[in-house]
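Beneath this line is the structure, given in structure tokens, with notes to follow.
Every chain is numbered from 1, with letters handed out A, B, ... down the list of sequences.
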Number of protein chains: 2
Amino acid sequence: MTVYSKKKSQDNMDIISVAIVEDNHDIRTAMELLINGSDGYACIGAFNNAETAVEQIPSLLPNVVLMDFNLPGGMNGIECIARLKGEYPDMHFMMLTVYEDDDKIFQALEAGASGYILKKTPPSELLSAIRDLHEGGSPMSSQIARRVVAYFQKQAKPNPALEALTSREKEILDQLSKGFLYKEIASNLFISIETVRRHVHNIYEKLHVRSRTDAVNKYYNR
Amino acid sequence: MTVYSKKKSQDNMDIISVAIVEDNHDIRTAMELLINGSDGYACIGAFNNAETAVEQIPSLLPNVVLMDFNLPGGMNGIECIARLKGEYPDMHFMMLTVYEDDDKIFQALEAGASGYILKKTPPSELLSAIRDLHEGGSPMSSQIARRVVAYFQKQAKPNPALEALTSREKEILDQLSKGFLYKEIASNLFISIETVRRHVHNIYEKLHVRSRTDAVNKYYNR
DNA sequence: TGTAAGATAACATAAACGTGGTATAATTAC
DNA sequence: GTAATTATACCACGTTTATGTTATCTTACA
């Protein structure tokens with residue numbers, strides 16, 4: 001059996017294959033030229049719309065895809081990533097954007113983008129970001145990182161309405177959230193089922209809800 | 001009324017006040033010397049344990065706190081951040097760590113840390129990370145950013161068990177998750193309550209659960 | 001054209017939940 | 001040292017949810 005080695009650049013690094021999805025002709029061409037003109041990188045596809053990209057990329061299987069947000073036609077960059085990422089989980093996607101404060105950051109990340117950089121990023125940095133992404137990093141500016149961290153922290157912090165609960169009530173609510181029956185909660189906490197009822201009743205009053213599901217939704221800040 | 005201007009460095013930048021919480025004497029002293037020896041930065045406190053830090057930092061009110069993970073005594077760096085961040089939400093915390101692959105990243109972020117860098121970070125980078133943090137960024141390596149993004153994506157993607165549900169069943173489950181009564185769901189979807197029952201029953205069978213709360217927990221990937 | 005899957009609907013029964021009232025220790029706060 | 005809070009407990013009643021069985025109609029598809 002013959003083992004073929006991967007293409008190597010002059011520096012003996014693996015060549016990173018890149019595809020570009022960007023409707024602006026000038027930007028697309030400039031990136032294509034940059035990538036093909038740089039040792040260790042090869043642009044193996046460039047598309048001006050998401051539909052063609054979704055159709056062609058499965059036969060090209062690039063290591064990295066650079067994706068614009070807004071694309072002509074029915075599909076935007078986020079949906080394009082979602083479709084491809086579902087089929088090819090190991091493919092790495094880098095979102096290209098004009099603004100750092102775009103709320104679509106989160107949609108892009110949820111869809112499967114791992115890197116997130118500005119279009120105005122200097123050529124050398126774009127190349128190193130591509131390599132970084134290929135090697136398992138998530139290149140992004142610290143401004144964008146802060147927004148991701150803030151989102152993370154927001155999800156983590158509990159609803160302030162829960163502070164009105166006593167510690168025992170929080171304990172009961174936690175059991176409720178896990179789906180235990182009253183009798184199971186009673187046995188888990190070594191109290192009578194009637195006491196569980198009473199606690200639940202008090203919890204509902206404090207949270208202004210009338211069902212377990214509503215209480216649990218408040219517990220999880222929804 | 002006299003207005004006092006903030007201290008300015010030679011470059012006319014505001015001076016960033018920094019506190020350090022780190023039990024290793026050599027590292028702590030080295031950082032203190034670096035910060036005090038650099039124009040635009042001032043180390044206004046250095047502590048070798050969390051308890052003293054929690055006690056003293058409120059009277060110092062530094063712009064930025066550099067925090068070690070492991071500290072002697074009962075309190076670790078994460079709890080120290082949580083306590084202080086609760087009282088001073090505008091204070092910025094930078095986690096100092098030896099390893100990038102620490103699972104405590106997420107605990108630190110939840111507690112309120114915004115930056116996350118390695119102890120071996122070169123002096124000049126440490127200083128720019130401090131400034132970056134002070135100015136609203138979240139300095140972190142792209143390796144750490146990837147882990148945060150991955151965590152984010154994991155939370156976002158729905159439980160694959162839900163794919164066994166028909167679209168109508170997903171609709172019902174969504175209504176269940178919002179806490180609607182069967183009769184409300186029936187009226188919202190213009191079907192009889194008996195049909196709601198049937199759908200719920202089928203959903204439970206497919207998800208292998210026996211209660212609304214368990215179904216909703218699966219719906220939200222918990 | 002027949003069959004499988006999905007959405008619709010009804011009925012019966014039992015289990016679980018939600019609401020109201022009442023009460024008693026124990027602890028905490030003032 | 002008294003008042004307020006918290007955790008505990010019981011009962012009664014009505015509502016909601018969960019399970020089991022059966023049946024009709026439509027759509028997809030082989």
Side-chain angles (χ1 to χ4, degrees), chain A residues 83 86-87 158-222, chain B residues 54-55 58 74 83 86-87 158-222:
Chain A
R83 296 250 201 123
E87 289 289 310
N159 190 323
L162 301 184
E163 284 168 24
L165 302 181
T166 68
S167 62
R168 192 57 157 174
E169 284 165 353
K170 285 180 196 162
E171 215 170 339
I172 302 273
L173 179 53
D174 186 69
Q175 297 268 312
L176 284 178
S177 77
K178 294 187 168 73
F180 289 117
L181 303 178
Y182 287 4
K183 58 177 147 185
E184 291 172 326
I185 297 174
S187 122
N188 290 345
L189 302 184
F190 307 107
I191 53 179
S192 112
I193 193 172
E194 295 299 331
T195 306
V196 174
R197 273 188 209 289
R198 168 86 353 228
H199 282 306
V200 171
H201 191 257
N202 293 338
I203 290 166
Y204 287 5
E205 275 197 342
K206 287 183 181 177
L207 299 185
H208 307 294
V209 299
R210 315 174 60 78
S211 74
R212 177 193 287 238
T213 306
D214 286 343
V216 172
N217 280 341
K218 290 220 168 182
Y219 183 59
Y220 285 119
N221 211 4
R222 255 189 276 278
Chain B
V54 166
E55 188 187 314
R83 295 251 201 124
E87 289 289 310
N159 191 322
L162 301 184
E163 284 167 27
L165 303 182
T166 69
S167 61
R168 193 57 159 173
E169 285 164 354
K170 285 179 195 163
E171 215 170 339
I172 302 272
L173 178 53
D174 186 69
Q175 297 268 312
L176 283 178
S177 77
K178 294 186 168 72
F180 289 117
L181 301 178
Y182 287 3
K183 58 175 140 183
E184 291 172 326
I185 298 174
S187 126
N188 291 344
L189 303 183
F190 307 106
I191 53 179
S192 109
I193 195 173
E194 294 301 329
T195 307
V196 175
R197 278 188 212 288
R198 172 106 309 260
H199 282 306
V200 172
H201 188 256
N202 291 338
I203 290 167
Y204 287 4
E205 273 196 344
K206 287 183 181 177
L207 299 185
H208 307 295
V209 299
R210 313 175 63 78
S211 73
R212 178 193 286 237
T213 306
D214 286 343
V216 173
N217 280 340
K218 290 220 168 183
Y219 184 60
Y220 286 122
N221 210 7
R222 274 195 292 262

**Q.** Selection from D/dT16, D/dA18, C/dT19 that lies nearest to any side-chain heavy atom of B/K183
**A.** D/dT16
Q: Compare the minimum distances between each of D/dT8, D/dT19, C/dG18 and the side chain of A/T195, then state the nucleotide with the smallest one.
A: D/dT8
Q: Taking B/K218 for its side chain and B/A161 for its backbone only, find out whether a donor-acceptor pair lies under 3.5 Å.
A: no
(Q) Expressed as a whole number of angstroms, how long is the span from A/I193:CD1 to C/dA16:P? (A) 8 Å
Q) For the pair made of CG in A/N202 and P in D/dA9, what is the distance, rounded to whole Å? A) 14 Å
Q: Determine: side-chain N/O of A/S192 to OP1/OP2 of D/dC10, distance under 4.0 Å, yes or no.
A: yes
Q. So, is A/T166 close to the D/dA7 phosphate, meaning a side-chain N or O under 4.0 Å from OP1 or OP2?
A. yes
Q.
Closest approach to the side chain of A/I191, judged atom by atom: which nucleotide of C/dG18, D/dA18, D/dA9 is it?
A. D/dA9
**Q.** Distance in angstrom units between A/H201 NE2 and D/dA12 P, rounded
**A.** 18 Å
Q. Are B/D214 and B/Y204 close enough that a side-chain donor and a side-chain acceptor fall under 3.5 Å?
A. no
Q. For the pair made of CD in B/E184 and P in D/dT15, what is the distance, rounded to whole Å?
A. 15 Å
Q.
From C-beta outward on A/Y204, which listed nucleotide comes closest to its side chain: D/dA7, C/dG18, D/dA9?
A. C/dG18
Q | Interatomic distance where CZ belongs to A/R197 and C1' belongs to D/dC11 [whole Å] | A | 10 Å
Q: Among the candidates C/dG21, D/dT17, C/dT8, find the nucleotide nearest to the side-chain atoms of B/L181.
A: D/dT17
Q) In whole angstroms, how far is the P atom of C/dA12 from the CD atom of B/E194? A) 10 Å
Q: Please indicate whether A/R222 has more than 12 foreign heavy atoms, meaning atoms of other residues, nucleotides or ligands, lying under 6.0 Å from its CZ.
A: yes
Q: Please report, rounded to the nearest Å, how far the C1' atom of D/dA9 is from the CD1 atom of A/I185.
A: 16 Å
Q: Go through C/dT19, D/dA18, C/dT8 for me and flag the one nearest to the A/R210 side chain.
A: C/dT19
Q) Stepwise, does the side chain to side chain contact (heavy atoms under 4.5 Å, CB included) test hold for A/I193 with A/I185? A) CA-CA 8 Å; A/I193 193 172; A/I185 297 174; over 6 Å; no
Q. If you round to the nearest 0.5 Å, how far is CG of B/L165 from CG of B/N202?
A. 9.5 Å
Q | Interatomic distance where NE2 belongs to B/H199 and P belongs to C/dA10 [whole Å] | A | 13 Å
**Q.** Under-4.0 Å salt bridge between B/D174 and B/K178
**A.** yes
Q: With the side chain of B/R212 defined as its heavy atoms from C-beta on, choose the nearest nucleotide among D/dT8, D/dT17, D/dG20.
A: D/dT17
Q | Closest to the B/Y182 side chain, choosing from C/dG20, C/dC11, D/dT17 | A | D/dT17
Q. OP1 or OP2 of C/dT8 sitting under 4.0 Å from any side-chain N/O of B/R168?
A. yes
(Q) Applying a 4.0 Å non-hydrogen cut-off, can you work out what A/R198 is touching in the nucleic acid: base, sugar-phosphate, or nothing? (A) base
Q. If you find the nucleotide of DNA chain D closest to A/K206 and the one closest to A/F190, which residue's nucleotide is nearer the 5' end?
A. A/K206
